[in-house]
Amino acid sequence: MANDGHILCKKCRQVLYLGKYKEGRFWPGRETHEQFKLGVAQFIEEHFAHGDVIVMGDGPYERYLDSCPSNEWPVTVLIEATHDGRIKLVEQPSAMRG
Ligand SMILES: [Zn+2]
């Protein structure tokens, strides 16, 4: 059964959506697996020093959202491949659930 992955920085209230986890890896969006890994590393490096970065599957993430008011839900960030093969982390306009 597929399970979504999320990396949450509690301090910034940003969550990097990792895509579906199945067959031992994540299956994100349009970017390649190499670009995906660069994006994950970039997100962790940007937020590691903030002290409260956690990786969560669907269940724990749902429980986290349930535990905080909806106006404090984290903003979802996606890894986006640019046309020249680099990547950028892009905030989604509004917090998405699930
Ligand atoms: Zn942060």
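Fair warning: this is a prediction, and the values are worked out from it, not measured in the lab. Ligands are counted one by one from 1 in listed order, and the atoms in each one are counted from 1 as well.
- Every residue meeting the side chain to side chain donor-acceptor pair (under 3.5 Å) condition with Gln35, not counting sequence neighbours, appears here in chain and number order: Thr32.
- Atoms NZ and CD1, on Lys88 and Ile79 in that order, are 13.5 Å from each other to the nearest 0.5 Å.
- Among residue pairs with one or both ends in residues 68-86, those qualifying as salt bridge (Lys or Arg N to Asp or Glu O under 4.0 Å) are Arg13-Glu72, Asp84-Arg86; sequence neighbours excluded.
- Atom NE2 of His47 is separated from atom CG of Leu8 by 9.5 Å, given to the nearest 0.5 angstrom.
- For the Zn ion (ligand 1), protein N/O/S neighbours under 2.8 Å (waters excluded) are Cys9 SG, Cys12 SG, His47 ND1, His50 ND1.
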Q | Step-by-step side chain to side chain contact (heavy atoms under 4.5 Å, CB included) determination, Lys20 to Asp4 | A | CA-CA 4 Å; Lys20 298 277 178 205; Asp4 285 329; 3.2 Å; yes
With a cut-off of 3.5 Å and sequence neighbours excluded, list every side-chain donor-acceptor pair involving residues 36-45.
residue: Lys37; atom: NZ; partner: Glu34; partner atom: OE2; Å: 3.3
residue: Gln42; atom: NE2; partner: Glu46; partner atom: OE2; Å: 3.3

